[in-house]
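One structure is given here, and the rest of the page talks about it.
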Amino acid sequence: MPDERKTPDERAGMTDLERLRHSAAHVLATAILRLWPEAQLAAGPPVENGFYYDVELPHHISPDDFGKIEAEMKRETKANHPFERVEVSRDEALDMANRGLLGALGARSAPSKFKLDIIENIPEGEKITLYRNGEFTDLCAGPHVMRTGNIGAFRLTNIASAYYKGDEKNPQLQRIYGTAFKNKTQLDEYFAMLEEAKKRDHRKLGKELQLFAFDDDVGPGLPLWLPRGAAIIEELEKLAKETEFAAGYQRVRTPHIAREQLYKTSGHIPLYKESMFPPMTVDEHEIERAEWEKSKAGAEFGITRFIEDRLVAEGKSSDADQAAFKKRWGEEAWEQFIINTGGDALDAGIGGEELKRSLANYKERVNHLRRLGLPDVYYLKAMNCPHHHKLFGAVPRSYRDLPLRLAEYGCNYRYEQSGELFGLMRVRSLQMNDAHIYCTEEQFEEEFRAVNEMYLKYFKIFGIDKYIMRFSTHDPAKLGQKFVDNSELWLKTEEMVRGVLQRSGINYIEVPNEAAFYGPKIDVQVWSAIGREFTIATNQVDFAVPARFGLVYKTRENTEATPLCIHRAPLGTHERFIGFLIEHYAGNFPLWLAPEQVRILPIGDEAPLLEYARSIENELRAHEVRAELDAGSDHIKSKIASAEQMKVHTMLVLGKRDLEANAVSLRVHGQGNLGAKPRAQVVAGILAAIKERRPLATHGSWGRELAR
RNA sequence: GCCGAAGUAGCUCAGCUGGUAGAGCAGCUGAUUCGUAAUCAGCAGGUCACGGGUUCGAGUCCCGUCUUCGGCUCCA
């Protein structure tokens, strides 16, 4: 949370680079004020890749303004003013803010309104400090570098909007982002890294490599998987199925929709209703219902008219009448009677044949509508757990059945806010590598440990060597609102999870107040080959929802107990995981994952050569290798260029010489020509590399091994 | 959802202050038979995101909608 106050301890812990960037934010503010003295400054902290300053300003700053802002910043760093720390009393600070002196170059007519607000939020007893560089003074707790000249190299990067303190009820500010480094070399390296990241962008590569597409008619956030992308999905599912089968999981299948009641039971409605697609209403009695509703309204009118015409006019009523009415016609008719007469019926006498007829008519209609029942309401499923809970409950369970591990690549639909959609990383239809493990408390530790080990196994396969597990716990103050109200269970399960994480030596950090509503969770963060961060999977403990579903198993003592549930998805969703893999591998997938594993490129199109090429293609395809034959009339250079461009993993170039020697000329994407090899050796090498899921991409070792 | 920017051929992009919509690549047809990153020629390809408006005339100006992007907020 960028706008949450940092404690003095956290500030003292700022790294040198953060200090430098924080100082750069002050220099940015100095420059902005020189150009637009009326600017109201809010906050300007260092962030992960740089810094920003939030300002309120009538002029809309655009990248076109960056040049002149940077020029002013340059002047300030050239001047090499010292950062001067001044301690002031609360009253002095308030006085200065009122005179517009804070976040300013000098006195101004308007008070420094955001600074005033910030001062008011500084806890009593905490020191209030100002920092000055040149003529610029800002309310700031520091720390800073010694002088403005210590900011070696900086550049403004982009501009965005942000609510003051991140609250949409507050005014919207312009947030100017920049980055700064000790020297120009580091700055240049950073921008080179960004360039590389741009080249690896999964949206760009996904289009170029024909992996997936989006279409306006299908809808935003609903990816269409082209055959090349679907091939990756197939491989991931194969991997998951093998791994999970070996770990004792059982596969299940559930529909994509369910009745409203399921999500009421699970508690997702109303808690997550906004992020679900709006419901579908199915009404088999739509016409009949409409007719009877209409005649019910007619009957009501009849009652009303009777009241108006007769009873009210005659003006008589009694408690005995009321009781008699209710007994004869029921509570509902009485209520309706009251509603229709605006309460006058209380004072009116009850009786008369006409009223009786009207009420009989009315009641018949009410009863008929009741028999029709309510229309069916269905939701697209936003998660698989409720369906899986129903599967647990579908069969009587005993402790002997536990742990029960139900796995499914379930397709979920989530109505993510339009502004959240982002390529494959945030979508509205997602296929999750989901499973739910139902177990006893005693089994929990072993199950949870096994899940973590599965993560580590996958990391190895995909060459992910940097990860962290974020262990999110509850906030006791929000029990009953954001979190299921059971303090004891929270503490108990959190302790269990913490224990497993500690004992298994997993790399984790603890994050308070971010748990799921039904239990503590673990978010798995990984870093791609170029150091971009992704949250790939979440792993959750659920001690609440199985009870809501009334799930029980028979214990050894023949009593009933509720199982614990672990929600886990090591490969997250296909969408996000493949998005990650594309950027991780820069589109150069290892052979087993490559959309097109082998392309056969004959030199020329003479019949015997094509026949030879076809026989190799058939042999590979018989082993389910994704092999294609380029039988076109292009020159070989051109065929190679096309194959390289599509990042085809292995190319087999075939000419007369190869035909005569029963050989193939091996070429691997990124490795170039590896020379002619016996056909059987190359085929065997390809099959082995796929079977073993050798982790490296094109720079991998298998091509080299074959070339030996 | 909020703020800002963008949307021209399958892709990458040009199209100036309003005056008949263009290139390269990809595609198709033909020629080329070439040993490791692009052989040549021809053809075809467009409701300039969509809907209104201003104008004699709109890709270009104005308004609305959709989508995408950069952020904010959100993420069971």
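Chain letters run A, B, ... following the sequence lines, proteins first and then strands; every chain starts at 1. The analysis underlying the following values was restricted to heavy atoms, covering all of them including side chains, and did not include hydrogens, waters or symmetry mates. These figures come from a predicted structure and were not determined experimentally.
The residue among A/R428 and A/F214 whose nearest nucleotide of RNA chain B lies closer to the 5′ end is A/R428. Along RNA chain B, the nucleotide nearest to A/S418 and the one nearest to A/K637 differ in position, and the one closer to the 5' end is contacted by A/S418.
Closest contact between the side chain of A/S665 and the listed nucleotides B/G35, B/U12, B/G70 involves B/G35. Nearest nucleotide to the side chain of A/I640, out of B/U36, B/A76, B/C74: B/U36. The A/I603 side chain lies nearest to B/C34 when the options are B/U36, B/U33, B/C34. With B/U39, B/C74, B/U33 as the candidates, the nucleotide lying closest to the side chain of A/D634 is B/U39.
Atom CG in A/D542 sits roughly 13 Å away from atom P in B/A76 (whole-Å rounding). Across the protein-nucleic acid pair, A/D201 atom CG and B/C11 atom C1' stand 16 Å apart, rounded to whole Å. The distance between atom CD1 of A/I636 and atom P of B/C34, rounded to the nearest whole Å, is 12 Å. Nucleotide B/C74 holds its C1' atom 5 Å from the CD atom of A/E420, rounded to whole Å. As rounded to whole Å, 17 Å separates atom P of B/G10 from atom CD of A/E208.
When all heavy atoms of A/K264 and A/R548 are compared, the closest pair comes out as O-NH2, 3.6 Å.
Among the heavy atoms of the strands, none lies under 4.0 Å from A/T538. Here A/Q645 lies in heavy-atom contact (under 4.0 Å) with a base. Residue contacts for A/L421: at a heavy-atom cut-off of 4.0 Å it reaches the sugar-phosphate backbone alone, with no base atom in range. Nucleic acid contact class of A/G519 (heavy atoms, under 4.0 Å, all strands): none. Within the 4.0 angstrom heavy-atom criterion, base atoms lie near A/K656. Within 4.0 Å (heavy atoms only), A/E606 reaches sugar-phosphate atoms of the nucleic acid but no base atom. Within 4.0 Å of A/S266, counting heavy atoms only, lies no atom of the nucleic acid at all. Among the protein residues, A/T535 comes within range of no part of the nucleic acid, since none of its heavy atoms lies under 4.0 Å from any strand. Using a 4.0 Å heavy-atom criterion, one finds that A/A643 contacts no nucleic acid atom at all. Residue A/D216 is classed as a sugar-phosphate contact, given heavy-atom separations below 4.0 Å to backbone atoms only. Within 4.0 Å (heavy atoms only), A/Y272 reaches at least one base atom of the nucleic acid. As judged by a 4.0 angstrom heavy-atom cut-off over every strand, A/R203 is placed among residues touching the sugar-phosphate backbone only.
Judged by the 6.0 Å and 45° rule, A/R21 forms no cation-pi pair with A/F51.
Judged by distance alone, with hydrogens and angles left aside, A/S638 brings no side-chain donor or acceptor close enough to the base of B/U39 to form a pair under 3.5 Å. Side-chain atoms of A/R426 and base atoms of B/C74 include a donor and an acceptor less than 3.5 Å apart. Side-chain atoms of A/N673 stay outside donor-acceptor range of the base of B/G35, with no qualifying N/O pair under 3.5 Å. Side chain A/E514 to base B/C75: no donor-acceptor pair is found below 3.5 Å.
Of all nucleotides present, only B/G27 satisfies the Watson-Crick or G-U wobble test against B/C43, with each distance under 3.5 Å. Summarising the base pairing, B/C13 is matched to B/G22 through a Watson-Crick or G-U wobble pair whose two defining distances lie under 3.5 Å.
Each of A/N433, A/I536, A/V526 was compared with A/F577 under the side-chain contact (heavy atoms from CB on, under 4.5 Å) criterion, and only A/I536 meets it.
A side-chain donor-acceptor contact under 3.5 Å links A/R576 to the backbone of A/T535.
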Verdict with reasoning, A/D201 to A/K199, per salt bridge (Lys or Arg N to Asp or Glu O under 4.0 Å): CA-CA 6 Å; A/D201 190 313; A/K199 275 189 223 151; over 6 Å; no

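Within the 4.5 Å cutoff, side-chain heavy atoms of A/Y263 are placed close to those of A/P386.
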